[in-house]
Every structure is written in C-alpha cells, then in structure tokens.
Amino acid sequence: MNGMLKPESFKNKTIIITGGGTGLGKSMGKYLLELGANLVITSRKKEVLDKSAAELEQQTGGKVLAVACDVRKYEEIENVIKETENRFGQVDAVLNNAAGNFISPTERLSHRAFDIVVDIVLKGTYYTTLAAGKNWINKKQPGIFLNIVTTYAWTGSGYVVPSACAKAGVLSLTRSLAVEWAKYNIRSNAIAPGPFPTEGAWSRLLPGDLAKKFDPAQRIPLKRVGNHQELANLAAYLLSEYSAYINGEVITIDGGEWLRSGGEFSHLEMVPAEMWDVLEKMRGK
Ligand code: HXC
Ligand code: NAP
C-alpha cells in the first residue's frame, strides 16, 4: 500500500488526467504529484475540480491546474492542451480516465442512454487522444497515453453493455496506436482495474443494498477489493520512463477476478476440506 517509484521520478513532467477531480483519477493524480509531476485535472464540474486541486496541492505541495472540459467536445480538449502549455510549457502524458456508466437491462435503455456512455468513454477517449497526439506529432515531442479500461473490455458483460462496447473500443484504440504512433515516440498502454471502491462507481453500479448482496470482494480470489495506491503505483510505472519498452499492453489489476469467472471449475472453492477427503477416497486409480 506504499508508493513504489523513486521520489522525483516525475520532476518537470506534466500529466493531464481526464476525470481527475474524483475517484481513481484523483488518487492517481495525488501519487504523481508526490513524485514531482505537474498535474492538470479536467472534467465537466469546475467546482469539483477546484476543490480537488486545492486539496491535492495542500496535501502534496505540488502544482495542479484545473480546467473544465467535457471530453465529448473537441475544442474544449484543445483548450486544455493550450492552457497546460501556457502554465507548464508542454504536455508529457495523458491519462484517459473519464467515464460514465450505470447498470441496466439493455432492453430498458433508450438510444440516448446508450449514446451517453459511449460518447463519454469511447468518443471522449479518442477525441482526447487525437488532440494530444496531433499536438505531439506537430511539435515532434514524445508522449505517453495511459487508458483506463475494464476487464469486461474483452469478455463483454451484460447489464453494462454500453460501457462494455465503449471500453472494448478504447482497448482497440490503445493497441492500434501503440503500433501506428510508435514512430513518433508515442507509447499507448491500458490498465484494466477490477473493483476499486469509489463513490462514482459504487453509487451507479452497486446502488441501494446491491453492495451488500453482491459484495465484489467475494468474487475475487484474493477476497478483497483493490486499494487506490496499488492502482496508482501501476499507473505511475506505466507513465514513467521505467516502462519505456512497454507499448500496446493492457495490464489487469483485479486480484484474479476475471480469470476466476471464466474457469470451468473455479466454483469448487466452495467444497470444504472434509468433502475433499471423501472425494479423494472415492476417486478411481
Ligand atoms: C438507465 C439512464 C440511467 C440509468 C441515465 N440514463 N442514467 N438509463 N439507467 N441508471 C439515461 C437518461 O434517462 C437519459 O436518457 C440519458 O441516459 C442521459 O442521462 P442524463 O442524466 O441526462 O446524463 P448526464 O447528466 O450527462 O449524466 C451522465 C451519466 C451519469 C453517465 C448518466 O451517470 C454521469 O455523469 N456519470 C459520470 C461518472 C460515472 O458514471 N462514474 C462511474 C464510472 S465507473 P433519455 O432517453 O431519458 O434522455 C466504471 C467502472 C467500470 O466505469 C467497472 C467496474 C468494475
Ligand atoms: P468516477 O469518480 O465517477 O470518475 C469518473 C470521472 O469522469 C468523474 O470525475 C467525472 O467528472 C468524469 N467525467 C464523466 N463524464 C465526463 C465528460 N463528459 N467529460 C469529462 N469528464 C467526465 O469513477 P471512478 O471509479 O474513479 O472511475 C475512473 C475510471 O476507472 C473510469 O474510466 C472507470 O471506467 C474506471 N474503472 C473503475 C473501476 C472501479 O472499480 N472504480 C473499475 C474498472 C474501471 P464530471 O462528472 O465532473 O465530469
């Protein structure tokens, strides 16, 4: 649960985090600040951003710029890049973290409900990627993208279908540009987190007493949810020069959750030791 990288690993580096005023974006931002980065946080709600920026500066002594930006609006992203360059000189990395999500049987969704999630997650990520990538390429600067996806980006998942479609697209974007833009010295990687408690995710994915009924920790082989610092350590590594040869990768950090749900015999963890004794006696030679 402790920080992992050397102090000052991000000295003179500037990182933009979309959706950086809350939840996991804020936690990853805090650790990057502790490592010496300049931080730019963006989202739709300026008052939330300003409050988080003040809190993060006070906690870490680092510098935080808060810029309101809806990732579905390309000009607003271009403005974030401009403001970042005005304040800190250049952008070194972009963490595509903003998302929208909720649970629902798909047949209950309006087409607008489907659009809203896909537009934030997929369009928001490719707009941000396009604006930042073009800027780096024009200026002949290296750059790093880190995209937050989910483990159902490759398995799919019922009841969060717009999010599953959008995250699958983000994963494909990550892998495609890792190859295409490597010639510009731009790396692209992704992280697929399992459950990490945040107000934003829990209120929308486990509303009411669902959190008690379907305690996510019980599905996870390690029998616990993730700690924000664990995710921050991985994100910082993938945004740092220590991972300079990692490109086009998606790293899962979920305590083994998604593999367990695919394992034909994973449910046998319910079999108690005494029953295994009986089964052992019954088995043929
Ligand atoms: C069905 C819903 C809905 C719900 C909204 N809609 N919520 N439909 N079930 N729970 C529909 C509305 O009826 C409307 O359609 C359309 O979606 C737009 O809704 P608005 O409320 O106008 O949208 P908006 O105010 O822009 O809010 C966007 C949002 C909201 C996505 C709905 O939840 C939000 O702001 N989310 C941002 C943060 C977030 O979601 N964080 C969680 C990320 S967690 P109609 O047809 O009525 O106009 C995550 C974790 C994944 O991704 C993995 C976990 C392990
Ligand atoms: P969160 O706190 O709700 O974060 C989502 C952020 O996205 C918010 O700050 C929100 O701010 C911003 N956002 C939403 N729509 C936006 C838009 N149109 N433009 C700009 N910003 C927008 O939830 P979280 O749990 O930290 O999620 C962070 C990331 O982790 C997401 O990509 C999510 O899919 C991923 N993830 C989370 C978990 C988990 O267990 N928590 C698991 C797997 C993946 P505004 O409302 O102010 O715009």
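Whatever order the structure lists them in is the order used to number ligands and atoms, beginning at 1. Everything numeric here is computed off the predicted structure, so don't read it as measured data. Sequence positions, counted from 1, serve as the residue numbers for this chain.
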(request) Consider ligand 2: state whether an atom of it lies below 4.0 angstrom from any non-hydrogen atom of P193. (result) yes
(message) What I want to know is whether R44 and ligand 2 share at least one N or O pair that is separated by under 3.5 angstrom.
(response) yes
(message) I need the contact residues for ligand 1: any residue with a non-hydrogen atom closer than 4.0 Å to the ligand, ordered by chain then number.
(response) R44, A99, G100, N101, F102, L109, S110, R112, A113, I116, T150, Y152, G200, A201, R204, L205
(request) Among all protein heavy atoms, pick out the one at the shortest distance from atom 22 (C) of ligand 2; state its residue, atom name and that distance to 0.1 Å. (result) A98 CB, 3.7 Å
(message) Closer than 4.0 Å to some heavy atom of G23 - which atoms of ligand 2 meet that?
(response) 2 (O), 26 (O)
(request) Evaluate the side-chain proximity of N96 to I148: yes if any heavy-atom separation is below 4.5 Å, no if none is. (result) no
(request) Measure I120 to ligand 2 on non-hydrogen atoms and call it side chain, backbone, both or neither using the 4.0 Å cut-off. (result) side chain
(request) Classify the contact between C69 and ligand 2 as side chain, backbone, both or neither, using a heavy-atom distance cut-off of under 4.0 Å. (result) backbone
(request) Name the orientation class of the two ring planes belonging to H228 and F196 (parallel below 30°, tilted from 30 to 60°, perpendicular beyond 60°). (result) tilted
(message) Under a 4.0 angstrom heavy-atom cut-off, which atoms of ligand 2 come close to S43?
(response) 11 (O), 20 (C), 21 (N), 45 (P), 47 (O), 48 (O)
(message) Among all the protein's non-hydrogen atoms, which is closest to atom 8 (C) of ligand 2, and how far away is it?
(response) T22 OG1, 3.3 Å
(request) Start with the C-alpha distance between L65 and L39, add both sets of side-chain angles, then the distance that settles side-chain contact (heavy atoms from CB on, under 4.5 Å), and finish with yes or no. (result) CA-CA 6 Å; L65 174 66; L39 189 67; over 6 Å; no
(request) Report the part of R72 in contact with ligand 2, treating N, CA, C, O as backbone and CB onward as side chain, heavy atoms under 4.0 Å; options are side chain, backbone, both, neither. (result) side chain
(request) Check V149 against ligand 2 and report side chain, backbone, both or neither, counting heavy atoms closer than 4.0 Å. (result) backbone
(request) Only one of Q90, E85, E78, Q141 passes side-chain hydrogen bond (donor to acceptor under 3.5 Å, both in side chains) with N135; say which it is. (result) E85
(request) List every atom of ligand 2 that sits less than 4.0 Å from any heavy atom of A201, numbering the atoms from 1 in the order shown and giving each element. (result) 25 (O), 41 (N)
(request) Flag the pair M28 / L95 as yes when at least one side-chain heavy-atom distance between them is below 4.5 Å, and no otherwise. (result) yes
(request) Decide whether an N or O pair under 3.5 Å exists between V71 and ligand 2. (result) yes
(message) Is any side-chain heavy atom of I220 closer than 4.5 Å to one of P195?
(response) yes
(request) Assess whether atom NZ of K6 is packed by more than 12 heavy atoms of other residues, nucleotides or ligands within 6.0 Å. (result) no
(request) Would you check whether G194 reaches within less than 4.0 Å of ligand 2, judged by its heavy atoms? (result) yes
(request) Enumerate the residue pairs fulfilling salt bridge (charged side-chain N to carboxylate O under 4.0 Å, His left out) with a member in residues 22-43, sequence neighbours excluded, ordered by first and then second residue. (result) K26-E55, K30-E34
(message) If the cut-off is 4.0 Å to any non-hydrogen atom of K167, which atoms of ligand 2 fall inside it?
(response) 31 (C), 32 (O), 33 (C), 34 (O)
(request) Can you see which heavy atom on A211 is nearest to which on P216, and at what distance? (result) O-CD, 4.3 Å
(message) Going by the rule side-chain hydrogen bond (donor to acceptor under 3.5 Å, both in side chains), which residues pair with R260 if we only count those two or more places apart in sequence or in a different chain?
(response) E269
(request) Identify the protein heavy atom lying closest to atom 6 (C) of ligand 2, giving its residue, its atom name and the separation to 0.1 Å. (result) G19 CA, 3.7 Å
(message) Does any part of the side chain of W154, heavy atoms only, come nearer than 4.5 Å to the side chain of T252, both counted from C-beta?
(response) yes
(message) For T198, which part has a heavy atom under 4.0 Å from ligand 2: side chain, backbone, both, or neither?
(response) side chain
(message) When you measure from the heavy atoms of D70 to every atom of ligand 2, does any distance fall below 4.0 Å?
(response) yes
(request) Compare every heavy atom of A66 with every heavy atom of D50, then report the nearest pair and how far apart it is. (result) OD1-CB, 3.7 Å
(request) Please confirm whether I148 comes under 4.0 Å of ligand 2, counting heavy atoms of the residue only. (result) yes
(request) May I have all residue pairs that pass side-chain hydrogen bond (donor to acceptor under 3.5 Å, both in side chains) and include part of residues 174-184, sequence neighbours excluded? (result) N147-T174
(message) Between K281 and D277, does any side-chain N to carboxylate O distance fall below 4.0 Å?
(response) no
(request) Might you confirm whether atom CD of E264 has over 12 heavy atoms from other residues, nucleotides or ligands at distances under 6.0 Å? (result) no
(request) Check whether any side-chain heavy atom of F102 sits under 4.5 Å from a side-chain heavy atom of V117, and report yes or no. (result) yes
(request) Of the side chain and backbone of K26, name the one, both, or neither that has a heavy atom under 4.0 Å from an atom of ligand 2. (result) neither
(request) Say whether P197, considering both its backbone and side-chain N or O atoms, lies within less than 3.5 Å of an N or O atom on ligand 2. (result) no
(message) As an exercise, identify every atom of ligand 2 less than 4.0 angstrom from a heavy atom of P195.
(response) 40 (O)
(message) Closer than 4.0 angstrom, basic N to acidic O: yes or no for E230 and R224?
(response) yes
(request) Identify, for atom 41 (N) of ligand 2, the protein heavy atom at the shortest distance, and state residue, atom and that distance. (result) F196 O, 2.9 Å
(message) Test of understanding: given a 4.0 Å heavy-atom threshold, classify the contact between W202 and ligand 2 as side chain, backbone, both, or neither.
(response) side chain
(request) Return a yes/no value for A99: is any of its N or O atoms, backbone included, closer than 3.5 angstrom to an N or O of ligand 2? (result) yes
(message) For atom 37 (C) of ligand 2, what is the closest protein heavy atom, and at what distance to 0.1 Å?
(response) L24 CD1, 3.6 Å
(request) Would you check if V170 and V121 make a side-chain contact, meaning some heavy-atom pair closer than 4.5 Å? (result) yes
(message) Do F145 and R187 make a side-chain contact, defined as non-hydrogen atoms from C-beta onward lying under 4.5 Å apart?
(response) no
(request) From the options G226, P216, G200, select the one whose nearest heavy atom is closest to atom 3 (O) of ligand 2. (result) G200
(request) For ligand 2, indicate whether the residue N97 contacts it via side chain, backbone, both or neither (heavy-atom separation under 4.0 Å). (result) both
(request) Find all atoms of ligand 2 within a distance of less than 4.0 Å from any non-hydrogen atom belonging to T150, and give their numbers and elements. (result) 43 (C), 44 (C)
(request) May I have the step-by-step check of side-chain contact (heavy atoms from CB on, under 4.5 Å) for V71 and Y126, ending in yes or no? (result) CA-CA 9 Å; V71 286; Y126 69 67; over 6 Å; no
(message) Is it the case that ligand 2 has an N or O less than 3.5 angstrom from some N or O of K45?
(response) yes
